[in-house]
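Proteins get letters first, then strands, A, B, ... in listed order; numbering begins at 1 in each. Remember, predicted model here, so these are calculated numbers, not experimental data.
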Amino acid sequence: MKYALFLGCTVPVRGMNYEIAARKVAERIGLHLVDVDEFTCCGFPVKAVDVETSFLMAARNLALAENRGLDICTLCSACTSTLTEVNKVLKEDEELREIINEKLGNIRYNGNIEVKHFSRILYEDLGICELKNFIVEPLEGFRFAPHYGCHYLKPSEVYEEFDNPEAPVSLDELIMVTGAESVDYTTLKNCCGGGILGIDENVALKMSAKKLMELKDKGIDGLISICPFCSIMYEGNQKKIEKMENAEIGIPVFYYPQILGLALGIPPDELGFKLNRVKPKAFLEKLGA
Amino acid sequence: MAISLTKLDPNFKFQVASTPGGENITRCFACGTCSAGCPVREIDERYNPRKIIHMVLLGMKDEVLKSDFIWLCTSCYTCSERCPQDVGITDLMTALKNIAVQEGYVHPSYIEQIKALSSFDGLYEIADFDNKKREKFGLPKIQRKGEVLKEIMDRTGISRLAGGEK
Ligand code: SF4
Ligand code: SF4
């Protein structure tokens, strides 16, 4: 397994714990991640302004990976959906591909690579059975709530239906393979609201509050995120939400590779827990770390 | 809101239908499935995707393009997944935003993002401070020059929104 690691904008600055843990986990399970210095923003932020510009940005990133003969591994779900969608369209529509290549000028994309989210690689390329063989410190007695977010699975037509957005299982299974329990809850499929944080903070925070307010009484050890935007909403903004709702929430939010890393036997201090904003003190104590 | 007949633009729905993402708008039969599942509507009643579609079909161009609501869609795709007519509402909302930009209504938060992308090739600057922190945690240094995306945005003309060239 060899992929070009696409970090995007948010992870390398505001989600270093995600990156740290993902790289460590990759090393353990034999997933070779290659850094490509020339990658830029995926193109997602300008989609609302001009779809063509976002296509050009995405296509350039796809071409950089293709030139190295590599598929792309993403960490952020917004990058995942943008790159996956543009990839699918450019593979299927040769005419548009030529137009885009023409506009790119100095680099061209031929439609020969795949784009996959880190979690999807674990789930599909490695598989739950294989992953199980790597587990040495099962997280027995821990209970986590999965947060799939929107763009990891939707729009479903670009994801070859590797999971069902209306009844998803992949992240639940990835949590369960660590030995922990994956907790079911009503607001499982809720959107974090991150996409409109800059448009209307109040509405965005109210959206993320719904999930946190349900989860606060569920006795969970943490909410499991696979996207830096979702983490910013549920973790970075949790204090604001507590104030808005006039309630104590105190739910740690972990990136999936952080808990998988623990189950793989990677010491907690190598998994970036120091950078988690809601301090996971109780969690680390329970772990005996 | 009262509809002023004199201001209706019967061509608006064709303009939308010929914009990438808006192709399927005329398929809508107003069932309301999109609005029922919309998480933004759950918080703010004023935001209602079915109503926006209806306004487009009626030709209420100014009201749609000037409204704050089109910017409130989070692109969660819940509606797109459930629409029985495959209208593709999320992409339709994107198309409406693209048209609004062409007609001069761009939400200020996007201007900030375009500025950042032109300067840093990403939404955030990766300063020396960040790279020091990255080094401390054993992560490779990242050097983005901030030239690539500016050039692309100059070419497509969206740099002008941030007061750049063209
Ligand atoms: S779900 Fe589809 S058909 Fe129904 S109102 Fe919404 S856009 Fe129209
Ligand atoms: S994509 Fe936009 S309109 Fe559709 S359900 Fe989500 S927020 Fe509502």
Side-chain angles (χ1 to χ4, degrees), chain A residues 7-10 12-14 16-17 19-20 23 35 37-41 43-53 55-57 60 78 81 103-105 149-151 153-157 165-166 189-200 202-204 206-207 210 270 272 274-275, chain B residues 19-21 39-40 42-44 47 68 70-78 80-82 88 90-91 93-95 97-98 101-102 106-114 116-117 120-127 130 133-134 137-140 142-144 148-149 152-153 155-158 161:
Chain A
L7 291 170
C9 303
T10 313
V13 194
R14 298 175 73 178
M16 283 186 213
N17 42 355
E19 185 183 344
I20 293 166
R23 286 182 191 269
D35 286 287
D37 291 340
E38 296 90 338
F39 278 153
T40 62
C41 166
F44 177 77
V46 295
K47 201 176 170 189
V49 176
D50 181 45
V51 168
E52 189 191 40
T53 309
F55 259 72
L56 286 170
M57 291 181 183
R60 181 183 167 277
S81 85
K103 292 201 172 167
L104 276 177
C150 301
H151 292 169
L153 297 172
K154 295 181 283 185
S156 56
E157 66 265 22
E166 294 291 353
K189 291 182 283 172
N190 276 34
C191 167
C192 72
I196 53 167
L197 186 65
I199 306 287
D200 190 331
N202 193 37
V203 175
K206 279 191 181 149
M207 286 174 74
K210 290 224 161 192
E270 291 178 26
K274 271 200 194 84
L275 295 172
Chain B
T19 303
V40 179
E42 208 184 329
I43 305 291
D44 189 338
Y47 181 76
D68 291 339
I70 54 173
W71 301 99
L72 272 182
C73 167
T74 64
S75 299
C76 74
Y77 288 98
T78 308
S80 289
E81 295 288 328
R82 296 179 186 169
T90 312
D91 292 340
M93 290 299 158
T94 304
K97 287 178 244 187
N98 280 197
V101 171
Q102 286 157 20
V106 58
H107 192 281
S109 82
Y110 285 98
I111 296 179
E112 290 311 309
Q113 294 194 357
I114 291 169
L117 293 174
F120 316 125
D121 279 343
L123 287 178
Y124 308 104
E125 178 177 14
I126 302 179
D130 298 296
K133 190 167 162 193
R134 290 180 58 80
F137 286 103
L139 300 174
I142 293 184
Q143 274 166 319
R144 285 184 185 150
V148 182
L149 298 188
I152 289 179
M153 292 190 294
R155 233 176 294 156
T156 58
I158 72 165
L161 299 168

- Item | With sequence neighbours excluded, residues passing ring pair (Phe, Tyr, Trp, His ring centres under 6.0 Å) with A:Phe44 | A:His151
- Under a 4.5 Å cut-off applied to non-hydrogen side-chain atoms, are B:Thr156 and A:Met57 in contact? no
- Query: Is it the side chain or the backbone of B:Asp91 that comes within 4.5 Å of chain A heavy atoms, both, or neither?
  - Reply: side chain
- So which of B:Thr94, B:Val40, B:Ile142, B:Ile43 has the biggest tally of heavy-atom pairs under 4.5 Å with chain A? B:Ile43
- Query: If you count heavy-atom pairs under 4.5 Å with chain B, which of A:Ser156, A:Gly193, A:Gly198 comes out on top?
  - Reply: A:Ser156
- Task: Let me know if B:Arg134 has heavy atoms under 4.5 Å from chain A in its side chain, its backbone, both or neither.
- Result: both
- Query: Between B:Ser80 and chain A, which part of the residue has a heavy atom less than 4.5 Å away: side chain, backbone, both or neither?
  - Reply: neither
- When heavy-atom pairs shorter than 4.5 Å are enumerated against chain B, which of A:Val203, A:Val51, A:Thr40 gives the highest number? A:Thr40
- Message: More than 12 heavy atoms of other residues, nucleotides or ligands under 6.0 Å from CG of B:Asp68: yes or no?
- Response: no
- Item | Side chain, backbone, both or neither of A:Lys189 within contact of chain B (heavy atoms, under 4.5 Å) | side chain
- Note on the structure: Minimal heavy-atom distance between B:Ser75 and B:Lys97, with the atoms involved, is OG-NZ, 4.4 Å
- Query: Considering only heavy atoms, which portion of B:Leu123 lies under 4.5 Å from any heavy atom of chain A: side chain, backbone, both, or neither?
  - Reply: both
- Message: Shorter than 4.5 Å, heavy atoms on both sides: which option in B:Thr74, B:Leu139, B:Val101, B:Ile152 has the most such pairs with chain A?
- Response: B:Leu139
- Message: Working note: A:Asn190 + A:Met207, criterion side-chain contact (heavy atoms from CB on, under 4.5 Å); need CA distance, chi angles, decisive distance, verdict.
- Response: CA-CA 8 Å; A:Asn190 276 34; A:Met207 286 174 74; over 6 Å; no
- Task: Grab the two heavy atoms, one from A:Lys154 and one from A:Pro165, that are nearest each other, plus how far apart they are.
- Result: CG-CB, 3.6 Å
- Query: Which answer fits A:Glu166, side chain, backbone, both or neither, if we ask what part of it has an atom under 4.5 Å from a heavy atom of chain B?
  - Reply: side chain
- A:Leu7 portion near chain B, given a 4.5 angstrom heavy-atom threshold: side chain
- Structural part of A:Thr10 lying under 4.5 Å from a heavy atom of chain B: both
- Message: Is any side-chain heavy atom of A:Lys47 closer than 4.5 Å to one of A:Ser81?
- Response: no
- Query: With B:Ala95, which residues qualify under side chain to side chain contact (heavy atoms under 4.5 Å, CB included), at least two apart?
  - Reply: B:Thr19
- Query: Pick from B:Leu149, B:Asp44, B:Asp130: which one has the most heavy-atom pairs with chain A under 4.5 Å?
  - Reply: B:Leu149
- Query: Side chain, backbone, both or neither: which part of B:Ile114 has a non-hydrogen atom closer than 4.5 Å to chain A?
  - Reply: side chain
- Task: Return the option, out of A:Asn202, A:Leu197, A:Leu104, A:Asn17, with the maximum number of heavy-atom pairs under 4.5 Å with chain B.
- Result: A:Leu104
- Query: B:Gln113 versus A:Val49: any side-chain heavy-atom pair under 4.5 Å?
  - Reply: no
- Sidechain-backbone polar pair: B:Asp121 side chain, A:Phe39 backbone, donor-acceptor under 3.5 Å: no
- Note on the structure: Counting heavy-atom pairs under 4.5 Å with chain A, the top scorer among B:Leu72, B:Val106, B:Ile70 is B:Leu72
- Message: Between A:Lys206 and B:Glu42 (salt bridge meaning N to carboxylate O under 4.0 Å), is one present in this structure?
- Response: no
- Message: Can a donor-acceptor pair be found, under 3.5 Å and without considering hydrogens, that links the side chain of B:Arg144 to the backbone of B:Ile126?
- Response: no
- Item | A:Asp50 portion near chain B, given a 4.5 angstrom heavy-atom threshold | both
- Query: Taking every heavy-atom pair that is under 4.5 Å apart, which of A:Ile199, A:Asp200, A:Val46, A:Leu275 has the most such pairs with chain B?
  - Reply: A:Ile199
- Query: Can you tell which of A:Gly195, A:Cys150, A:Pro155, A:Cys191 has the highest number of heavy-atom pairs within less than 4.5 Å of chain B?
  - Reply: A:Pro155
- Check whether A:Pro45 gets within reach of chain B through its side chain, its backbone, both or neither, counting any heavy atom under 4.5 Å. both
